[in-house]
Asker: 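Starting off with a structure, shown below.
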Number of protein chains: 2
Amino acid sequence: MPDPDPVLKLLWRHHATSPDVAPRRGPKQKVSVDDVVDAAIDLADADGLAALSMRGLAQRLGLGAMTLYTYVATRNDLVVLMVDQVVGRRVLPPHPDDLRERLEQVARMQYDDCRAHPWLLDVTGLRAWLGPHVADRYEWQLGAVEGLGLDDIEMDQTVTLLATFGTGAARAEEAVRHAERETGMTDAVWWEANHEALTEVMAGREYPLAGRVGTAAGEAYQAASDPRRELDFGLARIVDGLVAHLAERAR
Amino acid sequence: MPDPDPVLKLLWRHHATSPDVAPRRGPKQKVSVDDVVDAAIDLADADGLAALSMRGLAQRLGLGAMTLYTYVATRNDLVVLMVDQVVGRRVLPPHPDDLRERLEQVARMQYDDCRAHPWLLDVTGLRAWLGPHVADRYEWQLGAVEGLGLDDIEMDQTVTLLATFGTGAARAEEAVRHAERETGMTDAVWWEANHEALTEVMAGREYPLAGRVGTAAGEAYQAASDPRRELDFGLARIVDGLVAHLAERAR
DNA sequence: CATATATTCCGTACGGCGTACGATGTCGTT
DNA sequence: AACGACATCGTACGCCGTACGGAATATATG
């Protein structure tokens, strides 16, 4: 059996069974792990996860680059800590009485968090996510679908569906923002600049539906898409489907 | 007004209005742009987008590293070409008569493509995606919801909802695969290795719902999650919601 | 108090990355 | 035959994460 993942100790550092009262040898640490993680979150919020470098973070903290590795074993571990810490910043509101509102709130919170910290969208596939705040969040999410007649597995699937959609909607929105930053122009300007070249290069190809729908969307949104309305539309459909499913389960 | 994006010419290179019959001066290119993009897709399929380097790709093609830049302006452009090329590989089947099947097919195709080429999940926020195959795909998707009584905007939103969900489900699946590769252990093994450390570090914290649901899921799946069933469950709910919405629109 | 030991801090260095630049050779055009 | 456009590609620059080892500093032990 493999050894347990050391990052778990760091994730749960504030809930230590042994509060580490025993003073440690050697020099005191100049800053705390929380300081490091908070500063990293600041940098990632400002410039994205890709722009967060160990050297840059160290400089921000007034430390040598390698000193960071006495706080965190690797950059990956740092990101894991960032996720849990940023998830913990949101206070979890009580679940509304109205069923639809309760379900929507799960998705919208995921959406809001990903909008506030877009780098969350770039974090994938790290297993040892099980920090205290991520666990709190999952517990809260399950609370929104408790007592509705679902079995345990369906509760998990329902929550996952809502959270996945909220994340996906945020990703669509951030894709637009990212493109704007990278090209330095808004959707409207990009289309103006590329319309001519596009029609020339697409000569002969016919896209009746895409052309019609794209034009309608462009006029309605002043952009190629409107992720905000996509969130509302999709969430309405999903909640409709979930409510219908709940009604059937309760029958 | 900014200049048009040069990558468009490359994306639509096979539909050139001027087929470039005029022979170009200088040495012939050793390979073709398609060769470069195909090889890049191979490498990304095998080891992920992060492991796709210009040097590695050049070596694979028997070229010097810098030679690639006579085919493609930047690595980013290469990725854009990869997306369109890989999207074009799938033949677009006719839409089934059954409405539910038609909607499901849109989401499942997105899911399948992302599973077959997980690096698609790492490509975000590139605007100049409008290659011929991406356009074909969008046209095809819209065809699945044409003539159902939706206005143009709702057609777009419906298609986006299905595609977003398919992508999100694939992302959940790939997150598991990614974690397995990174840690070198399956979900079950990871939990066995970390269960003891977790319970120790979580001492005092209570997660009644998460504990109950997690245990149920673990026993049912032999893993922390089962993205495949999540796809089926979520898709069923979404299609339910969409069908209800269509019925209302048609009323 | 003196010494040993654990821990922090951090400078240097290595192998990777994307790609800017310029030299060199090869072809079609004149 | 000479020119100019183009492909090829070696070198180099500034980034990145981080392995390693030495110096400084705190506590633990004699």
Side-chain angles (χ1 to χ4, degrees), chain A residues 6-7 9-10 13 18-37 39-40 43-44 47-82 119 122-123 126 182, chain B residues 6-7 9-10 13 18-37 39-40 43-44 47-82 119 122-123 126 182:
Chain A
V7 80
K9 277 239 156 65
L10 262 183
R13 62 195 180 279
S18 61
D20 268 1
V21 273
R24 299 197 296 180
R25 296 186 182 182
K28 306 294 181 195
Q29 296 200 136
K30 289 187 178 177
V31 298
S32 69
V33 173
D34 293 81
D35 293 336
V36 171
V37 177
L43 291 180
D47 300 318
L49 197 60
L52 169 67
S53 72
M54 299 300 272
R55 288 177 231 262
L57 176 57
Q59 188 169 18
R60 159 87 158 232
L61 290 163
L63 299 174
M66 293 313 292
T67 305
L68 287 180
Y69 290 92
T70 62
Y71 295 84
V72 159
T74 111
R75 184 183 188 273
N76 243 316
D77 281 8
L78 172 64
V79 174
V80 170
L81 296 178
M82 289 167 64
W119 50 269
D122 298 327
V123 184
L126 306 174
E182 200 178 41
Chain B
V7 79
K9 278 237 156 66
L10 261 182
R13 62 195 180 279
S18 62
D20 269 3
V21 273
R24 300 195 297 181
R25 296 187 181 182
K28 306 295 181 196
Q29 296 199 138
K30 289 188 178 174
V31 299
S32 69
V33 173
D34 293 79
D35 293 336
V36 171
V37 176
L43 290 180
D47 299 318
L49 197 60
L52 169 68
S53 74
M54 299 300 272
R55 288 176 230 263
L57 176 58
Q59 189 169 17
R60 159 88 158 231
L61 290 162
L63 299 174
M66 293 312 293
T67 305
L68 287 180
Y69 289 92
T70 63
Y71 295 85
V72 158
T74 105
R75 184 182 188 272
N76 243 316
D77 281 8
L78 172 65
V79 175
V80 170
L81 296 178
M82 289 166 65
W119 50 269
D122 297 327
V123 185
L126 306 173
E182 202 178 44

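Below, each value reflects all heavy atoms present in this structure, side chains not excepted, and no hydrogens, waters or symmetry copies.
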Asker: To check you understand the geometry: which heavy-atom pair defines the closest contact between B:S53 and B:G56, and what is its length?
Answerer: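 Distance-wise, the nearest heavy atoms are OG-N, 2.9 Å.
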
Asker: Tell me the interatomic distance from A:R75, atom CZ, to D:dA19, atom P, rounded to whole angstroms.
Answerer: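 Going from CZ in A:R75 over to P in D:dA19 covers 15 Å.
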
Asker: Examine distances only and state if a side-chain atom of B:Y71 and a backbone atom of B:V31 form a donor-acceptor pair shorter than 3.5 Å.
Answerer: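 At least one qualifying donor-acceptor pair exists.
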
Asker: Rounded off to whole Å, could you give me the NZ-to-C1' distance for the A:K30 and D:dA26 pair?
Answerer: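 Whole-Å distance recorded here is 15 Å.
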
Asker: Do any N or O atoms of the protein come closer than 3.5 Å to N or O atoms of nucleotides 23-26 of chain C, and which pairs are they?
Answerer:
none

Asker: My understanding is that only residues two or more places apart in sequence, or in another chain, count here; which of them pass side-chain contact (heavy atoms from CB on, under 4.5 Å) with A:L61?
Answerer: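 Only A:V36, A:A39, A:L57, A:L63, A:L68 meet the side-chain contact (heavy atoms from CB on, under 4.5 Å) criterion with A:L61.
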
Asker: Kindly indicate whether the side chain of B:R24 and the base of C:dT29 share any N or O donor-acceptor pair separated by less than 3.5 Å?
Answerer: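 Counting by modelled atom types and ignoring angles, no donor-acceptor contact under 3.5 Å is found here.
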
Asker: Taking only heavy atoms on the protein side, list every residue of residues 56-72 of chain B lying under 4.0 Å from any atom of DNA chain D, sorted numerically.
Answerer: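 The answer is B:L63, B:G64, B:M66, B:T67, B:T70, B:Y71.
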
Asker: Closest approach of A:A58 and A:G64, non-hydrogen atoms and distance?
Answerer: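 Closest approach of A:A58 to A:G64: CB-O, 3.5 Å.
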
Asker: Do you know which two heavy atoms are closest between B:R55 and B:A65, and how far apart they sit?
Answerer: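 In terms of heavy atoms, the two residues are closest at CG-CB, 3.9 Å.
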
Asker: Reckon A:L52 touches a base, only the sugar-phosphate, or nothing at all at heavy-atom distances under 4.0 Å?
Answerer: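 It contacts sugar-phosphate atoms only.
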
Asker: Salt-bridge test for B:D35 and B:K30: reply yes if a basic N is under 4.0 Å from a carboxylate O, no otherwise.
Answerer: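 No, no charged N to carboxylate O under 4.0 Å.
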
Asker: Tell me: CE of A:M54 to P of C:dT12, nearest whole Å?
Answerer: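 Atom-to-atom, A:M54 to C:dT12, this comes out as 19 Å.
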
Asker: Looking only at heavy atoms, which two atoms of A:D77 and A:A73 are closest? And how far apart?
Answerer: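 It is OD2-CB, 3.6 Å.
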
Asker: Answer with yes or no whether B:R55 presents, from its side chain, a donor or acceptor under 3.5 Å of a partner atom in the base of C:dG16.
Answerer: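 It does not, because no donor-acceptor pair links the side chain of B:R55 to the base of C:dG16 below 3.5 Å.
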
Asker: Testing the basics here: between B:V37 and B:M82, what is the closest heavy-atom pair and its distance to 0.1 Å?
Answerer: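 That would be CG1-CA, 3.7 Å.
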
